[in-house]
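The structure under discussion appears below in the form of structure tokens.
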Amino acid sequence: MHLFKSKKSIGILFGIFAYLSFSILDVIQKTLVFHHSIFQLLLVKYFFVLCLSLIESKRKNNYLFYKSKNIKLQIFRSLLSLIESGCFVLSFKYLSLANAHSIGSLAPVIVVALSAIILKEKVSPKTWVAIFIGFVGVLIILRPTSSIFDPKALLPLIAAFILGLYQIVTKKVSKHDKNETSLFYTSIIGLIIMSLLASKFWTPVDVSSYAMFLGIGIFFSLGLYLQIIALSKARASIIQPFHYTLIFWAIIFGYIFYNDVPDMFTIFGAIIITCSGIFVLNQSSKN
């Protein structure tokens with residue numbers, strides 16, 4: 001139990017559960033994106049985030065949650081969230097979960113570079129090596145194929161860069177604003193923009209889809225909140241290697257829900273990525 005007594009280790013634990021929540025969310029989104037516009041999906045997401053921000057504000061008796069000490073940074077962060085989510089959800093329409101997450105898992109490498117440049121964080125050589133090994137695992141899963149080099153494969157790549165920048169901005173915002181304030185701005189800006197777009201690209205929602213739309217809101221809100229907490233307790237360069245667990249869950253859920261059987265390259269790459277994440281966890285607990 002000593003492993004989870006430090007602030008950094010608690011942040012890592014929150015990060016792991018955040019990525020699991022996002023993985024479940026992706027299964028639901030991949031199913032719905034074939035029948036509904038991405039704007040409808042995102043509209044539901046941000047409505048639930050608004051509810052979460054209001055609940056947290058009430059629980060903490062923070063009635064000034066709408067006041068930010070850096071509103072420009074909050075708006076920028078919220079726009080990054082919109083772009084990243086839109087690109088990544090759309091990629092599920094053209095790529096498998098495993099392929100989308102393999103390409104998208106470049107994000108932790110981007111975060112490490114940005115955390116060193118923007119946040120001036122010190123990244124140890126051992127952590128760099130572990131992240132590099134994890135990236136090798138991504139390449140093993142990715143391996144050059146005609147589908148991977150399809151222009152549509154650029155969607156998760158764009159999302160990866162935006163996600164990396166988003167997480168750095170979230171780290172900076174958490175130094176000035178409470179979690180509920182960040183959630184509030186993410187939801188309000190998301191609702192305004194998605195309401196305008198969803199009204200123009202609306203498709204009818206049948207009864208069977210209501211439960212899945214509810215799941216989108218629940219798992220997105222949960223994952224987002226857990227991620228904010230994680231980044232407020234541990235350095236971005238420590239949390240991000242666990243982004244690779246998204247590939248592991250994508251393989252598992254892809255097999256369960258879409259009968260996508262991973263080959264030995266995928267399994268071997270997933271093992272490498274998981275081992276690199278465990279190594280970073282041990283390094284953070286020692287330091």
Side-chain angles (χ1 to χ4, degrees), residues 12-13 15-34 84 87-113 125-161 163-164 167 219 223 237-284:
I12 290 172
L13 184 62
I16 291 173
F17 281 108
Y19 294 130
L20 173 59
S21 182
F22 286 138
S23 297
I24 298 172
L25 167 68
D26 290 341
V27 173
I28 301 173
Q29 291 182 137
K30 183 173 176 61
T31 301
L32 287 176
V33 76
F34 287 101
E84 184 274 329
C87 289
F88 205 62
V89 172
L90 186 59
S91 74
F92 294 149
K93 193 171 184 178
Y94 308 107
L95 305 172
S96 68
L97 286 176
N99 277 355
H101 279 292
S102 295
I103 301 171
S105 286
L106 290 171
V109 176
I110 297 172
V111 169
V112 169
K126 290 183 179 180
T127 302
W128 278 109
V129 172
I131 293 172
F132 175 77
I133 293 174
F135 182 66
V136 171
V138 173
L139 292 178
I140 292 175
I141 295 176
L142 192 62
R143 63 191 182 279
T145 64
S146 59
S147 62
I148 292 300
F149 291 103
D150 189 285
K152 296 183 182 68
L154 292 175
L155 285 169
L157 184 61
I158 295 171
F161 178 80
L163 178 60
Q167 300 216 15
F219 286 108
S237 56
I238 295 296
I239 296 295
Q240 292 317 306
F242 293 92
H243 183 273
Y244 290 125
T245 60
L246 287 171
I247 298 179
F248 173 77
W249 292 118
I251 294 170
I252 298 299
F253 293 149
Y255 172 73
I256 293 174
F257 295 102
Y258 305 104
N259 200 30
D260 184 13
V261 180
D263 55 26
M264 290 305 299
F265 287 98
T266 301
I267 295 174
F268 183 56
I271 292 174
I272 292 177
I273 294 165
T274 302
C275 290
S276 71
I278 294 174
F279 178 81
V280 173
L281 174 62
N282 291 333
Q283 286 296 307
S284 67

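The model shown is predicted, which means the values in this text are computed figures rather than measured ones.
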Exercise. Between Val33 and Val89, which heavy-atom pair has the shortest distance, and what is it?
Worked result: CG2-O, 3.9 Å
For this session: Would you give the length of the straight line joining atom CG of Leu20 to atom CD1 of Ile24, rounded to the nearest 0.5 angstrom?
Result: 4.5 Å
For this session: Calculate, to the nearest 0.5 Å, the distance between atoms CD1 and CG belonging to Ile251 and Leu97 respectively.
Result: 10.5 Å
Exercise. Would you call Phe92 and Leu32 a side-chain contact if the rule is heavy atoms closer than 4.5 Å?
Worked result: no
For this session: Tell me, please, which residues at least two apart from Tyr258 pass side-chain hydrogen bond (donor to acceptor under 3.5 Å, both in side chains).
Result: Thr31
Exercise. Around atom CZ of Phe257, are there more than 12 heavy atoms of other residues, nucleotides or ligands at under 6.0 Å?
Worked result: yes
Exercise. Between CG of Leu163 and SG of Cys87, what distance do you get to the nearest 0.5 Å?
Worked result: 11.5 Å
For this session: Provide the closest heavy-atom pair for Ser91 versus Ala100 in the form atom of the first, atom of the second, distance.
Result: OG-CB, 3.9 Å
Exercise. Could you give the distance from OH (Tyr94) to CG (Asn99), rounded to the nearest 0.5 Å?
Worked result: 15.5 Å
Exercise. Taking Ser21 for the side chain and Phe17 for the main chain, is one N or O donor matched with an acceptor at less than 3.5 Å?
Worked result: no
Seminar exercise, completed: Gln29 meets the side-chain hydrogen bond (donor to acceptor under 3.5 Å, both in side chains) criterion, sequence neighbours left out, with Asp26, Lys45
For this session: Quick one: pull up CZ in Phe22 and OG1 in Thr245 and give me the separation to the nearest 0.5 Å.
Result: 11.0 Å
For this session: Give, for atom NE2 of His101 and atom CZ of Phe253, the distance between the pair rounded to the nearest 0.5 Å.
Result: 10.0 Å
